[in-house]
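Working notes, structure below.
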Amino acid sequence: MRAGIATLLLSITFAIECTPIMADENYRIPTDRTELKGGEWVPFVLSKIAPLEWWSYQESIYFSDWSYQSARQNTWEFPRFCFSMFRPSEESYGALLHAVKDYEGAVAWVMHDDCIGAWKAKPTGQGMVLLPYAMSEQEIEKHNQSLRQPPDSAFIEKAVTDIPLFCSYLEKRLGLTDRDPQQFDPGWLTAKGLAESKGEFEDFLDPGIWSVFLAHDPHAYAKTFQPTSPADRSLSMGIGMLESEELLKELGAERKQVSAGTGEGSLSGFPLLSRLSDYTDDVIYEPDEVAPFLTELLRAQQIAKQRRSIRGLDNLIRIARWAAKLNVGIYFGGV
């Protein structure tokens, strides 16, 4: 995957898998531009790129939904807007990353993981803007530590004042001015909703714990990470760790089997699918295994009832169908 996106995939996966099960009125997107205030600008603009499964806005520390707030509690990044987009294109998400990085305003807005927050200055490293002189590792850490201090009320006020300007910049930079914000529909998380949400062979950003690459010779790709035929390509969708665990349990795997990652054969009725039990292992499906793998997935889809299982299966089915169309195998890269 492209370098600008790959560093965020694990955190995006966590955000997607921890999406609240039920829709919450607090996640509805404000739609009247004339009445937008403060942090309401951010979901208004970002939902023009793709619907937001959830979003939160903070100007100070508070504890709310533990399932995702615990992962991004800090004491220095305020105001902060966190979100999960529903299946955006990789290109549109990458464009957002670059637009945020290039903005120059009253404060530094930084996008990392699945949050956009106000900083006193751009932190160094991890693809962020470096200071205009060479810095040692010690100087970089000292600089970054200086930024990790709780902001005072004057800084927060300045940042909140800058939000409408920042969001207007994003609209123009990303060509969103004439688009309408999109409300997320929880019905899209059903098997039918997921299947209809995108075209059968349309790639989108919904990553899992494994990276996904379609290769004519997946074993050769696993050794060199180089394409093995003109048809080879990466995909930005996948199945997450929690999705894989829930799916295997629904299909009859024992908890200890899933936890231990017993691999192929742990489910006698789903020997190919069972390979995806240990996210630290690479998993390979040869081209002639793709059709029976897809058959297993479609059979599993008739059994799965849990939200995470259904979502993970939809992505796996899409991956297998794409591989079948290109007559290639599948490489799932473990972490």
Side-chain angles (χ1 to χ4, degrees), residues 1 87 90 190-241 243-253 257-258 261-279 281-306 308-334:
M1 293 187 183
R87 294 182 163 181
E90 185 175 335
T190 64
K192 182 176 185 294
L194 289 166
E196 296 176 352
S197 68
K198 295 289 182 180
E200 186 175 11
F201 300 106
E202 180 180 358
D203 197 13
F204 49 80
L205 195 62
D206 195 0
I209 196 69
W210 288 272
S211 61
V212 179
F213 194 85
L214 306 184
H216 178 72
D217 187 342
H219 282 285
Y221 176 80
K223 296 176 181 178
T224 66
F225 296 107
Q226 297 297 320
T228 62
S229 78
D232 290 11
R233 60 161 299 158
S234 63
L235 292 177
S236 301
M237 65 188 80
I239 183 169
M241 177 178 63
E243 293 171 343
S244 175
E245 289 180 356
E246 192 165 85
L247 174 60
L248 292 177
K249 290 174 186 175
E250 276 204 87
L251 297 179
Q257 287 180 305
V258 175
T262 52
E264 183 177 0
S266 63
L267 283 173
S268 59
F270 300 89
L272 295 174
L273 178 55
S274 295
R275 294 180 190 176
L276 293 169
S277 61
D278 187 346
Y279 61 86
D281 288 341
D282 293 348
V283 177
I284 288 175
Y285 297 96
E286 295 284 4
D288 61 0
E289 292 180 312
V290 169
F293 179 45
L294 179 57
T295 298
E296 284 190 14
L297 295 174
L298 293 173
R299 186 155 47 86
Q301 194 177 46
Q302 301 303 311
I303 300 172
K305 304 299 180 184
Q306 298 301 314
R308 292 191 180 104
S309 301
I310 291 170
R311 185 169 189 153
L313 272 172
D314 182 77
N315 283 348
L316 288 177
I317 289 170
R318 289 173 180 273
I319 292 167
R321 282 176 171 161
W322 213 320
K325 177 184 178 183
L326 298 177
N327 194 29
V328 296
I330 310 170
Y331 169 79
F332 288 92

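Under the 3.5 Å distance criterion, the side-chain polar atoms of Lys198 are matched with a main-chain donor or acceptor of Arg87. A donor-acceptor pair under 3.5 Å is absent between the side-chain atoms of Glu250 and the main chain of Ser309, judged by distance alone.
Judged as a salt bridge (charged side-chain N to carboxylate O under 4.0 Å, His left out), and not counting sequence neighbours, Glu286 has no contacts. Evaluation of the side-chain hydrogen bond (donor to acceptor under 3.5 Å, both in side chains) rule for Arg299 yields no partner, not counting sequence neighbours. Residues passing the salt bridge (charged side-chain N to carboxylate O under 4.0 Å, His left out) test with Asp203 are Arg233, sequence neighbours excluded. In terms of the side-chain hydrogen bond (donor to acceptor under 3.5 Å, both in side chains) criterion, residue partners of Asp232 (sequence neighbours excluded) are, by chain and number, Thr228, Ser229. Glu196 is linked by a side-chain hydrogen bond (donor to acceptor under 3.5 Å, both in side chains) to Lys192, counting only residues two or more places apart in sequence or in another chain.
Across all non-hydrogen atoms, the minimal contact from Val328 to Ala231 is CG1-CB, 4.2 Å.
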Report the C-alpha separation of Ile303 and Phe270 in whole Å, then their side-chain angles, then the decisive distance to 0.1 Å, and conclude whether the side chain to side chain contact (heavy atoms under 4.5 Å, CB included) test is met. CA-CA 12 Å; Ile303 300 172; Phe270 300 89; 3.9 Å; yes
Step-by-step side chain to side chain contact (heavy atoms under 4.5 Å, CB included) determination, Phe332 to Leu316: CA-CA 11 Å; Phe332 288 92; Leu316 288 177; 3.9 Å; yes
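To the nearest 0.5 Å, atoms CG (Asp281) and CH2 (Trp210) are separated by 8.5 Å. In this structure, Leu235 CG and Tyr331 OH are separated by 14.0 Å, a value rounded to the nearest 0.5 Å. Atom CG of Asn327 and atom NE2 of His216 lie 7.5 Å apart (nearest 0.5 Å). How far CD1 of Ile239 is from CZ of Arg308: 11.5 Å, rounded to the nearest 0.5 Å. To the nearest 0.5 Å, atoms CG (Leu272) and CD (Glu296) are separated by 4.0 Å. Put simply, CG on Leu276 and CD1 on Ile330 are 9.0 Å apart, with the number rounded to the nearest 0.5 Å.
Classification of Glu289 and Arg275 as a salt-bridged pair holds, one side-chain N sitting under 4.0 Å from a carboxylate O.
Ring orientation note: the planes of Phe213 and Tyr221 are close to parallel, at an angle under 30° on the 30°/60° scale.
Looking at Leu297 and Leu313, their side chains come closer than 4.5 Å, going by heavy atoms from C-beta outward.
Among pairs with a residue in residues 316-326, those fulfilling side chain to side chain donor-acceptor pair (under 3.5 Å) read Asp314-Arg318, at least two apart in sequence or across chains.
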